Asks: 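Quick one: this structure, given as structure tokens, is what I'll be asking you about.
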Number of protein chains: 2
Amino acid sequence: MSEKITIYDIAKKLNITAATVSRALNNNPKIKESTRELVLETAASMNYKQNKLALALKSGRSNNIGVIVPRIDSNFFASVIRGIEEELYPHGYQVIICQTHENPKRESENLYTLIDAQVDGILMSVSGVNNENDSAFRNVLEKNVPLIFFDRSKHIEGVSSVTINDFKGGYIATKQLINQGCKNIAHLSGDQSLEIFKNRFLGYKQALIDNGIEFNEKYVIQSKSSVEAGKEAIDILLELETPPDAIFSSSDFAALGAIQELKERNINIPDDFCVAGFSNEPFTKFMEMSITSVDQSPLEMGRMSARVFLEQVDKTDTIKIEKKVVLAPELHIRKSSTRTTS
Amino acid sequence: MSEKITIYDIAKKLNITAATVSRALNNNPKIKESTRELVLETAASMNYKQNKLALALKSGRSNNIGVIVPRIDSNFFASVIRGIEEELYPHGYQVIICQTHENPKRESENLYTLIDAQVDGILMSVSGVNNENDSAFRNVLEKNVPLIFFDRSKHIEGVSSVTINDFKGGYIATKQLINQGCKNIAHLSGDQSLEIFKNRFLGYKQALIDNGIEFNEKYVIQSKSSVEAGKEAIDILLELETPPDAIFSSSDFAALGAIQELKERNINIPDDFCVAGFSNEPFTKFMEMSITSVDQSPLEMGRMSARVFLEQVDKTDTIKIEKKVVLAPELHIRKSSTRTTS
DNA sequence: CTGTTAGCGCTTTCAT
DNA sequence: ATGAAAGCGCTAACAG
């Protein structure tokens, strides 16, 4: 039932003024050492706790930062958030989570809500590229709240981002399939209006070209990031005149679905069909038929995003630093694309 | 570069007082309809946004709730958080995330930090049972901030919790192994000072007893929730005079490790050795040797915790409602414990 | 129906 | 080195 102790309470007790208490508590240089100690002691004895809300109102800074992700229950986003939280914790920032469920309307709402809540910064992965919510982004920028994109970015002048080199990710995964001797490599792509998927696709295409393999449009299937979508893709691909002998999937889940469907059809992986995925979800490593996948170092991405935010905050708003950090993807080669016969 | 618009700005413009503006904005009944409309219009035209920090200071409510979990990058906790966020979003609450990394000291810190930040409630899964941080919990209770435990709970009078029936979970998993004809069933347990692990163990034990199987202490191995720990457990168990022919593991990761090690030793699963895990991590379903596991319905657990919080908040603090919600575990029977031969 | 006033808890000029 | 007073933006009790 402890009542709230304010600086007034401790001022009264010491027959001094609240201003002095405030100064003592904030290590203001022009305060007598003896009073400072006295204040500190009584503050401790009275179990005083600073009221952050008052501080926030006064200063206009909430010490909260907002993180917007499509959903939190995916290993990738959860790991990014973990990285963000770990990096920001020592700096006294709290992390507020918002999910869009891939819904741009929800994304706008979240942006407005976070601004309303006076967050000191927003770190986000965009859910879709549409122009509906441009005003929401404009709103953030007008308020001069640092905005940082991670993974799924959007081109906005003056906005920093932390991404991986998706082009390279697509390239190295495809190259590895080529190295295994695969000739007809299909690609399961996500929504190509999102840069990450566009770039993975472009990397895939470039790898083919660089290795003298003709690009075949029919081999590119746009599909969701789900096991089911992967199965369906196989259904379609195997109907083609020349069915593919490998798949590079932008999604581990779709890659898994593909593998399941291929097994169903008694097609031998990896000897007759190689598969590579993207994201390095935990299960890719756990499977008996472990899945080759491109790692995006989500923890590092989160940490880096947080660091970029920390650099940005406190900077006088006259200097707009646009920082584009691009992390290197790392290919984890596993059974699904490691042929025993050479 | 939009400056902050306050109710004073819009009051000045209309030659009325801020109080009237406030009332109009808050749909106070005793306000002339015409003025209300006028205020609303000009507010909109001036792009007025309520300052939540001022509101928070005034009301003492931040509209934030804190969630403390050991770590966020596990499917279980991420899903719980998802559930919490979804349930609380329509009520205007923001979710602040804290991770303890299973460190009780960090847990205390998080509790203090959240209270400092004036959260309106704390939902948490405890990281370990130790009495070091009792004062942190006491602090929360003294401040009359609703505290709700989920999954990993702690016995504190007046504190509500949402858990699953771990005893039953352990029981039904073990029973299923017995039904498969397993006679010597081992158990990989977590830290039994945590109730969840204690109860899963007790359920396991009871299932043995109820089915006339003698409980053997040597079959119980305390291990971490990791693949490595599962492998090590097999090393130990197979050295026993009478090695077991099944494992019920409190962790899916350890179950996976066990399976990997058994395969390594060419022991046939499930015909010669059955395995069941706990948590229903996504990978258990994805494996070719899919793993039987107990589902904890994390999404529902999160939603329920949020609902319990909503019931609790706003209640006059004279009435302390202690609510214990216990969800039913659900066994997902998969290949790892489904013998083909009967 | 609306204005006046005070106050949430803290920081920060301006005096002294 | 300390006090007095104003103000961050909002709400609510009290008047009228």
Side-chain angles (χ1 to χ4, degrees), chain A residues 2-40 42-43 46-64 92 115-120 143-144, chain B residues 2-40 42-43 46-64 92 115-120 143-145 314:
Chain A
S2 70
E3 288 313 311
K4 302 270 185 195
I5 305 292
T6 75
I7 52 175
Y8 286 96
D9 297 320
I10 112 166
K12 196 180 293 172
K13 187 162 213 165
L14 296 176
N15 275 318
I16 55 176
T17 185
T20 308
V21 176
S22 170
R23 283 190 274 252
L25 257 22
N26 290 303
N27 289 318
N28 188 309
K30 49 178 93 165
I31 212 93
K32 211 199 306 174
E33 191 52 31
S34 60
T35 32
R36 185 199 314 290
E37 283 174 15
L38 193 58
V39 168
L40 258 42
T42 42
M46 295 177 79
N47 196 25
Y48 165 78
K49 285 286 155 65
Q50 189 189 46
N51 184 329
K52 305 270 178 173
L53 294 181
L55 186 56
L57 173 59
K58 180 69 182 166
S59 67
R61 313 177 72 250
S62 65
N63 278 308
N64 290 147
I115 291 296
D116 277 5
Q118 320 269 99
V119 293
D120 296 341
K143 295 284 190 301
N144 264 310
Chain B
S2 68
E3 290 311 312
K4 303 268 185 196
I5 304 293
T6 74
I7 53 173
Y8 286 96
D9 298 320
I10 112 165
K12 196 180 296 172
K13 186 163 213 163
L14 296 176
N15 275 318
I16 54 177
T17 185
T20 308
V21 176
S22 171
R23 283 189 275 252
L25 257 22
N26 290 302
N27 290 318
N28 187 311
K30 51 179 90 166
I31 212 93
K32 210 201 304 173
E33 191 52 31
S34 59
T35 31
R36 184 200 313 290
E37 283 174 14
L38 194 58
V39 168
L40 258 41
T42 42
M46 296 177 79
N47 196 23
Y48 164 79
K49 285 285 154 65
Q50 189 187 47
N51 184 328
K52 306 269 178 173
L53 295 181
L55 187 56
L57 172 60
K58 177 71 180 163
S59 66
R61 314 176 72 248
S62 65
N63 277 307
N64 290 149
I115 291 296
D116 277 7
Q118 320 269 100
V119 293
D120 297 341
K143 295 285 189 302
N144 264 309
V145 174
D314 288 333

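Please read these numbers as outputs of a predicted model, since none were measured by experiment. Residue numbers start from 1 in every chain, and the chains themselves are labelled A, B, ... in the order their sequence lines are given, proteins ahead of strands.
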Asks: So, do A/Val39 and A/Ile31 sit near enough that their side-chain heavy atoms are less than 4.5 Å apart?
Replies: no
Asks: Could you walk me through whether A/Asp9 and A/Lys4 pass the side-chain contact (heavy atoms from CB on, under 4.5 Å) test, one step at a time?
Replies: CA-CA 9 Å; A/Asp9 297 320; A/Lys4 302 270 185 195; over 6 Å; no
Asks: Is there side-chain contact between A/Glu33 and A/Glu37, with heavy atoms separated by less than 4.5 Å?
Replies: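 Yes, at least one pair of side-chain atoms sits under 4.5 Å.
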Asks: Can you tell me how far P of D/dC8 sits from CG of B/Leu57, to the nearest Å?
Replies: 13 Å
Asks: Answer with base, sugar-phosphate or nothing: what part of the nucleic acid does A/Leu55 contact at a heavy-atom distance below 4.0 Å?
Replies: sugar-phosphate
Asks: Taking 4.0 Å as the cut-off, does a side-chain nitrogen or oxygen of A/Gln118 come that near to OP1 or OP2 on D/dG9?
Replies: no
Asks: From the options C/dG3, D/dC10, C/dC10, select the nucleotide whose nearest atom is closest to the side chain of B/Thr17.
Replies: C/dG3
Asks: Respond yes when some side-chain nitrogen or oxygen of A/Ser22 is under 4.0 Å from OP1 or OP2 of C/dT11, and no when none is.
Replies: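 Looking at the OP1 and OP2 atoms of C/dT11, one of them is under 4.0 Å from a side-chain N or O of A/Ser22.
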Asks: If I take atom NZ in residue A/Lys12 and atom C1' in nucleotide C/dC10, what distance separates them, rounded to the nearest angstrom?
Replies: 16 Å
Asks: Before you tell me yes or no, could you show the steps for B/Leu40 and B/Leu25 under side-chain contact (heavy atoms from CB on, under 4.5 Å), namely the whole-Å CA-CA distance, both residues' side-chain angles and the distance that decides it to 0.1 Å?
Replies: CA-CA 7 Å; B/Leu40 258 41; B/Leu25 257 22; 3.6 Å; yes
Asks: With side chains defined as the heavy atoms from C-beta onward, is the minimum distance between A/Asn64 and B/Asn64 less than 4.5 Å?
Replies: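 SC-SC contact between A/Asn64 and B/Asn64 confirmed.
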Asks: In this structure, how many angstroms lie between the P atom of C/dG9 and the CG atom of B/Leu53, rounded?
Replies: 15 Å
Asks: Looking only at side-chain atoms of A/Tyr8, point me to the closest of C/dG3, C/dC10, D/dG9.
Replies: C/dC10
Asks: Closest-nucleotide mapping onto DNA chain C: is A/Lys52 or B/Lys58 further toward the 5' terminus? I mean the 5' end.
Replies: B/Lys58
Asks: Rounding to an integer number of Å, can you tell me how far A/Ile16 CD1 sits from C/dT11 P?
Replies: 14 Å
Asks: Any side-chain heavy-atom pair from B/Ile5 and B/Asn47 closer than 4.5 angstrom?
Replies: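 No, every pair of side-chain atoms sits at 4.5 Å or beyond.
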Asks: Roughly, in whole Å, what's the span from NZ in B/Lys4 to P in D/dC8?
Replies: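 Going from B/Lys4 (NZ) to D/dC8 (P), I get 13 Å.
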Asks: Under the side-chain contact (heavy atoms from CB on, under 4.5 Å) rule, what do B/Gln118 and A/Asn51 come out as? Steps first, then yes or no, please.
Replies: CA-CA 8 Å; B/Gln118 320 269 100; A/Asn51 184 329; 3.6 Å; yes
Asks: Tell me which of B/Ala54 and B/Ala19 sits closer to the 5' end of DNA chain D, going by the nucleotide each one is nearest to.
Replies: B/Ala54
Asks: Side chain of A/Arg23: nearest nucleotide among C/dT12, D/dA12, D/dT11?
Replies: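 Side chain of A/Arg23 sits closest to C/dT12.
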Asks: If you only use heavy atoms from C-beta on, which nucleotide in D/dT11, D/dC10, D/dG3 is closest to the side chain of B/Asn51?
Replies: D/dC10
Asks: Tell me which residues in residues 24-38 of chain B lie within less than 4.0 Å of DNA chain D, going by non-hydrogen atoms.
Replies: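 Nucleic-acid contacts, sorted: B/Asn26.
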Asks: Let me know the distance between CZ of B/Arg61 and C1' of D/dC10, rounded to the nearest Å.
Replies: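 Interatomic distance, CZ of B/Arg61 to C1' of D/dC10: 15 Å.
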